[in-house]
Each structure stands twice: as structure tokens, then as C-alpha cells.
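What follows is a single structure, written as C-alpha cells, with notes after it.
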Amino acid sequence: MTASALDAALARHGLHVAGAFQIRPDDALPRKDGSLVLISPAEPSFWPIFTASPEYRDGQPDPMDRWSRRIGDALAGDFDALALYPFGGAPFLPFYTWALRSGRAWASPIGFLVHDTGGLFISYRMALLVPWRVPASTSTFPCDSCADQPCASACPVGAFADGYDVAACKDHLRSPAGQDCMTQGCAARQACPLGQGRRLPAHAAFHMRSFL
Ligand code: B12
Ligand code: SF4
Ligand code: SF4
């Protein structure tokens with residue numbers, strides 16, 4: 001199995017590779033060679049595929065995490081890989097740090113990751129430890145050339161003035177004025193020109209409900 005076969009398999013599930021890096025022998029990972037591949041929803045094709053799944057329809061908790069685990073475990077079997085997940089309770093695996101290492105995502109002015117194509121809406125469904133080696137990314141940090149940095153001033157309650165004020169954010173989300181963030185997604189994330197318009201409102205609203 002190869003990287004291009006993985007791309008094709010991911011596309012069938014509305015997923016794609018959002019970054020990767022070569023494993024070093026001293027990494028605290030269960031493999032000492034090969035690569036760690038970060039996998040994200042390919043938006044907007046992901047949402048209709050996910051909402052047709054049994055996990056979305058069975059009314060049980062955490063449908064997207066359960067869907068991700070089923071798909072990721074099957075991909076791991078097909079590609080001689082190990083699947084790792086960003087959810088499942090503390091201690092969490094360091095997806096943020098792995099995203100930085102991929103060279104395709106960076107710490108934005110508001111702390112959230114900004115990705116070269118997904119912008120601030122980047123999120124990861126899983127990582128696969130695959131046996132092959134990947135080339136280094138050639139992407140460059142987008143925020144240096146983003147003159148107005150609209151993400152920094154878009155939050156209506158200034159939740160990014162000093163780190164991320166989760167309580168202030170959630171208070172706003174519970175208020176009538178917070179319905180824009182609740183139904184369209186975080187206004188600060190929406191403000192980033194990268195990846196704009198890719199996330200469907202229904203997908204954004206799903207995550208905001210589970211966040212709140
Ligand atoms: C706990 C957690 C939260 C907490 C606290 C976040 C925080 N301050 O770190 C809360 C509940 C607040 C949160 C909220 C959200 N999160 Co969150 N979260 C996580 C989670 C599960 C664990 C983080 C962790 O402790 N990792 C373990 C440590 C040891 O490793 P590490 O993450 O590499 O450590 C680095 C980061 O913590 C980073 N860091 C330090 N301070 C801060 C502050 C912020 C704001 C961020 C983003 C990072 C960060 O520095 C560390 C060293 O490099 C990760 C998934 C994961 N497994 O990493 C997602 C993750 C970071 N979250 C993510 C997302 C998508 C969200 C939401 C946007 C969810 C949503 N609604 O869609 C919301 C934000 C709401 C909004 N305004 O839209 C994404 C990344 C998004 C991005 N663009 O940055 C991740 C990677 C999950 C994923 N599946 O992709 N999250
Ligand atoms: S969801 Fe809304 S209130 Fe919360 S940080 Fe984003 S813009 Fe601010
Ligand atoms: S709005 Fe500009 S500064 Fe903010 S994350 Fe996007 S590219 Fe970076």
C-alpha cells in the first residue's frame with residue numbers, strides 16, 4: 001500500500017491528508033520508522049458522508065468520535081498502520097504539537113492552529129503511523145503576510161485578549177447574541193481568509209453544540 005492509495009481510500013470517507021512528518025527514533029511513538037500522517041475532513045464533502053453513517057443516526061453520544069474510530073481502525077488494518085485519535089479523554093495525544101511538526105499548520109495570533117488550506121477551521125479526525133516516508137512540507141507561515149489579521153479582532157467578547165477565555169466565550173454562546181457563532185462557527189475562525197466558505201453551517205453548528 002502507498003501514499004496515493006491512502007489518498008484514494010481517504011477520499012471515499014470524505015477525508016484527506018492535512019499534514020505529515022517523518023518519525024524520529026527518539027519520538028515517544030509506538031513506531032520508530034515511517035511517518036505520522038494527520039487526517040482531516042475534506043470539506044465540504046465530509047459532512048454528507050458522515051451524516052449518512054450509522055454513528056450519526058443512532059442517537060448515541062459522540063457520533064463523530066465513534067465514526068472516526070471505526071474508519072481509522074479499518075484504514076490502519078488496510079495500510080499496515082497504527083491509528084491514533086485526538087479524543088478519548090486525558091491524557092490527550094499532542095495533536096497540536098504534531099500539527100506544528102507537519103509544517104502545514106502554525107500557531108495563529110489567537111493561539112488556534114492555522115492551516116495552509118483549511119485556515120482556522122483546521123481540525124484532525126485521526127493520525128496514522130504509516131510505514132513509508134513522506135517529503136518535508138514546503139508551505140510557509142501565512143500570518144506574516146496577512147496585513148489586517150482579522151482573526152485577532154473578530155471575537156465579539158474579546159475572548160483572545162489574553163490566551164483563550166473559555167468562560168467568556170461560552171457565556172456569549174449561551175446568549176441570544178451568540179447565535180451567530182453557534183450556527184455558523186466561531187467568528188474568529190470564520191474571519192480567516194484561508195479556507196473560507198468550506199465548512200458547511202450544519203457541520204460548524206454540530207461542533208459548537210458539542211463544545212458548549
Ligand atoms: C483540551 C482541548 C480543548 C480545550 C482547551 C484547549 C486548550 N487551551 O488547549 C477546549 C475545550 C477549550 C477546546 C476547545 C476547542 N477546541 Co480543542 N482540543 C483540546 C484537545 C482535546 C486536547 C489538547 C491537549 O491538552 N493536548 C495535549 C497536549 C500535551 O499536547 P498539545 O495539544 O500538542 O500541546 C500544545 C497545545 O496545548 C498548545 N497550546 C497551548 N495553549 C493553547 C491555547 C489554545 C487556544 C490552543 C488551541 C492551543 C494551545 O501548546 C502545547 C504545546 O505546543 C485537542 C486534541 C488533542 N488531542 O490535542 C483539541 C484541539 C486542540 N481543539 C481543536 C478544536 C477544533 C477546538 C474547538 C474549535 C472545537 C470546535 N468548536 O470545533 C474549540 C474552540 C471553540 C471555538 N471558539 O471555536 C482542534 C484544533 C483547532 C485549531 N484550529 O487549533 C484540536 C487539535 C482537536 C482536533 N480534533 O483537531 N479544546
Ligand atoms: S466562538 Fe464566538 S465568542 Fe467564542 S471565541 Fe469564537 S468568536 Fe469568540
Ligand atoms: S486571519 Fe490572517 S493572521 Fe489570522 S490566522 Fe488567518 S492568516 Fe493568520
Side-chain angles (χ1 to χ4, degrees), residues 15 18-19 21 27-29 36 38-41 43 46-47 50 62 64-65 67-69 72 83-102 104-127 139-196 198-212:
L15 296 168
F21 59 84
D27 280 327
L29 289 169
L36 184 144
L38 290 162
I39 292 167
S40 294
E43 302 184 44
F46 168 79
W47 186 247
F50 166 64
D62 304 321
M64 199 178 285
D65 293 351
W67 179 88
S68 302
R69 208 178 273 285
L84 304 171
Y85 300 98
F87 47 82
F92 292 106
L93 290 169
F95 272 72
Y96 188 102
T97 302
W98 290 344
L100 299 179
R101 251 181 95 181
S102 76
R104 290 191 57 192
W106 302 265
S108 70
I110 61 170
F112 288 4
L113 293 165
V114 58
H115 183 263
D116 58 5
T117 59
L120 289 170
F121 272 110
I122 186 64
S123 66
Y124 303 99
R125 294 308 335 143
M126 64 192 73
S139 293
T140 53
F141 181 49
C143 304
D144 281 344
S145 54
C146 179
D148 297 334
Q149 305 209 329
C151 59
S153 54
C155 173
V157 292
F160 301 107
D162 180 21
Y164 175 30
D165 186 340
V166 178
C169 169
K170 288 194 173 182
D171 282 348
H172 180 69
L173 295 176
R174 286 188 198 100
S175 75
Q179 290 317 293
D180 180 52
C181 291
M182 281 301 289
T183 57
Q184 307 295 311
C186 172
R189 297 173 85 198
Q190 286 185 64
C192 179
L194 290 168
Q196 233 170 28
R198 283 195 197 172
R199 177 149 301 184
L200 297 173
H203 184 181
F206 171 90
H207 284 302
M208 295 311 287
R209 281 196 303 273
S210 46
F211 168 61
L212 193 59

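Numbering of residues begins at 1 and proceeds along the displayed sequence. What you see below is based on every heavy atom in this structure, not just the backbone, and it leaves out hydrogens, waters and symmetry mates. In listed order, ligands and their atoms are each counted from 1. Given the structure is predicted, the values throughout are model-derived calculations rather than measurements.
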Looking at G185, is its backbone amide N or carbonyl O close enough to the side chain of Q190 to form a donor-acceptor pair, meaning the two atoms are under 3.5 Å apart? yes
Is any N, O or S atom of H172 under 2.8 Å away from atom 8 (Fe) of ligand 2? no
With backbone taken as N, CA, C and O and side chain as the heavy atoms from C-beta onward, which portion of V166 lies under 4.0 Å from ligand 1: side chain, backbone, both, or neither? side chain
Less than 4.0 Å from atom 87 (C) of ligand 1, is there any heavy atom belonging to the protein? no
Atoms in ligand 3 flagged as close to S108, the criterion being non-hydrogen separation under 4.0 Å: 5 (S)
Among all protein non-hydrogen atoms, which one is nearest to atom 2 (Fe) of ligand 2, and what is the separation to 0.1 Å? C181 SG, 2.4 Å
I need the contact type for Y164 against ligand 1. Using non-hydrogen atoms and a strict under-4.0 Å cut-off, is it side chain, backbone, both or neither? side chain
Side-chain (R189) to main-chain (L120) donor-acceptor, under 3.5 angstrom: yes
Can a salt bridge be assigned to the pair D62 and R69 using a cut-off of 4.0 Å between side-chain N and carboxylate O? no
Any heavy atom of F95 under 4.0 Å from ligand 1? The part involved is both
Look up atom 2 (C) of ligand 1 and tell me if a protein heavy atom lies less than 4.0 Å from it? no
Work out whether the distance between some heavy atom of P193 and some atom of ligand 3 is less than 4.0 Å. yes
Considering the heavy atoms of C186, write down every atom of ligand 2 situated less than 4.0 Å from one of them. 1 (S), 6 (Fe), 7 (S)
Please check if the side chain of H172 supplies one atom and the backbone of P156 the other of a donor-acceptor pair under 3.5 Å. no
Any G119 heavy atom less than 4.0 Å from ligand 3: no
Pick from Y96, F92, Y85: the one approaching atom 46 (C) of ligand 1 most closely through a non-hydrogen atom: Y96
Kindly identify the option in H172, R189, R199 whose heavy atom sits closest to atom 70 (C) of ligand 1. R189
Atom 4 (Fe) of ligand 2: the protein heavy-atom neighbour that sits closest, reported with distance to 0.1 Å: C169 SG, 2.3 Å
Please compare F211, F112, F160 and report which has the shortest non-hydrogen distance to atom 5 (S) of ligand 2. F160
